[in-house]
Amino acid sequence: MSKNFKQLLAAINTEQPVKIEYQRRPNIPSKKALFLPVKLEYSQKNNLFRLRAWRLLRNSRFEVTLNLNRMLTVHSAKATRKYLELPITARRRQAQMTCILVDKRKALERSMLHFADYNKSTQRLDDTRYQLTIHYDLGDETELLIRLLSFGPFITVTSPTEFVAKIKERVDAQAQLLDNF
């Protein structure tokens, strides 16, 4: 990983493109693509580095975030044109989820910090309950799901139904692991 980190840092400093082989999930084949790195970010909470970059296509570009620990290889590429002049396409699919938050043990304050990097709105329902709506990229759905589960009984996801089903699936899998333990 340190070799990839150094190559990405050099590419950021020189504004040069890189070819990255990336493994999104363990059982899915890796993909190679051309990227123009913009910046490296460290997530203290998740203890990992992420790369913010432009994914370069033939006639356009779009913004991506890649985890460094999922990069298999990083190779320098030759700049063949001015990539920042390419038009931006909206390749990221957006979604939103809504949940009810019970403000016990500073859950509201923790949620504002926990979800600070998401576009969100909060509406007070009564003295201790809030409706929280979070807008997110579909590519970040698993991370959001894990963050929500960390709130335990203080958050109840209400919509969309597909997201609620994924939450239930995760909780059932956890319960089954405990039963087998």
Side-chain angles (χ1 to χ4, degrees), residues 1 5 8 12 22-28 31 33 35 37-55 60-71 87-181:
M1 184 170 101
F5 186 90
L8 292 169
I12 291 168
Y22 190 77
Q23 182 83 44
R24 281 211 178 271
R25 292 186 196 95
N27 298 327
I28 295 176
K31 291 186 177 185
F35 297 90
V38 176
K39 69 178 179 176
L40 288 165
E41 300 175 336
Y42 175 71
S43 170
Q44 187 172 6
K45 183 176 57 177
N46 299 327
N47 191 28
L48 57 82
F49 282 94
R50 293 187 187 105
L51 173 70
R52 297 272 185 179
W54 290 108
R55 168 69 165 86
S60 63
R61 62 189 164 117
F62 61 94
E63 188 179 357
V64 295
T65 303
L66 304 172
N67 291 338
L68 255 66
N69 62 345
R70 294 191 180 161
M71 291 181 191
I88 298 171
T89 59
R91 285 283 293 257
R92 301 184 105 175
R93 296 184 321 192
Q94 297 286 312
Q96 77 174 33
M97 59 75 53
T98 304
C99 61
I100 303 297
L101 173 83
V102 178
D103 190 19
K104 289 184 180 176
R105 293 164 61 186
K106 296 190 177 187
L108 179 63
E109 182 180 330
R110 287 186 300 122
S111 72
M112 292 301 112
L113 291 170
H114 222 60
F115 304 115
D117 52 337
Y118 292 99
N119 184 8
K120 64 190 165 307
S121 61
T122 309
Q123 180 181 359
R124 186 179 188 153
L125 301 175
D126 58 36
D127 288 344
T128 60
R129 294 180 332 122
Y130 295 82
Q131 178 176 301
L132 180 63
T133 302
I134 299 174
H135 302 270
Y136 64 95
D137 293 327
L138 281 176
D140 297 334
E141 188 171 68
T142 302
E143 183 177 341
L144 177 61
L145 192 140
I146 292 166
R147 288 187 190 188
L148 288 165
L149 286 171
S150 73
F151 281 83
F154 302 118
I155 280 189
T156 304
V157 177
T158 57
S159 70
T161 55
E162 300 85 26
F163 199 88
V164 173
K166 288 178 184 178
I167 292 277
K168 287 180 182 178
E169 187 178 295
R170 282 278 177 133
V171 171
D172 289 345
Q174 294 266 325
Q176 192 171 20
L177 282 173
L178 287 174
D179 287 345
N180 294 335
F181 187 69

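Owing to the predicted nature of the structure, the values given are computational and were not obtained by experimental measurement. Both backbone and side-chain heavy atoms feed into the values below; hydrogens, waters and symmetry mates do not.
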Any side-chain to backbone donor/acceptor pair from [X] onto [Y]? Under 3.5 Å, distance only.
| X | Y | answer |
| --- | --- | --- |
| Tyr130 | Cys99 | no |
| Thr133 | Lys120 | no |
| Asp126 | Thr128 | yes |

Would you call [X] and [Y] a side-chain contact if the rule is heavy atoms closer than 4.5 Å?
| X | Y | answer |
| --- | --- | --- |
| Arg170 | Thr142 | yes |
| Trp54 | Phe35 | no |
| Leu125 | Ile100 | yes |
| Leu51 | Lys39 | no |
| Ile28 | Lys31 | no |
| Phe163 | Leu145 | yes |
| Thr98 | Val157 | no |
| Asn119 | Ile134 | no |

To the nearest 0.5 Å, tell me how far [X] [atom1] sits from [Y] [atom2].
| X | Y | atom1 | atom2 | answer |
| --- | --- | --- | --- | --- |
| Leu66 | Arg55 | CG | CZ | 10.0 Å |
| Met97 | Thr158 | CE | OG1 | 7.0 Å |
| Leu108 | Leu113 | CG | CG | 10.0 Å |
| Lys166 | Leu144 | NZ | CG | 10.5 Å |
| Asp172 | Gln174 | CG | CD | 10.5 Å |
| Tyr22 | Leu68 | OH | CG | 9.0 Å |

Over all atoms of both residues, closest heavy-atom pair of Gln96 and Pro160: O-CD, 3.3 Å
Minimum-distance pair of heavy atoms, taken over all atoms of Ala53 and Pro37: CB-CA, 3.8 Å
Any side-chain donor near an acceptor of the partner, Glu141 and Tyr136, under 3.5 Å: yes
More than 12 heavy atoms from other groups under 6.0 Å of CD on Gln131: yes
Side chain to side chain donor-acceptor pair (under 3.5 Å) between Arg50 and Thr65, intermediate numbers included: CA-CA 6 Å; Arg50 293 187 187 105; Thr65 303; over 6 Å; no
From CA spacing to verdict: side-chain contact (heavy atoms from CB on, under 4.5 Å), Leu101, Thr156: CA-CA 7 Å; Leu101 173 83; Thr156 304; over 6 Å; no
Sub-6.0 Å ring centroid separation between Phe151 and Phe115: yes
Leu8/Met71 under side-chain contact (heavy atoms from CB on, under 4.5 Å): CA gap, chis, key distance, verdict: CA-CA 11 Å; Leu8 292 169; Met71 291 181 191; 3.7 Å; yes
Presence of salt bridge, Glu143 and Arg147, under 4.0 angstrom: yes
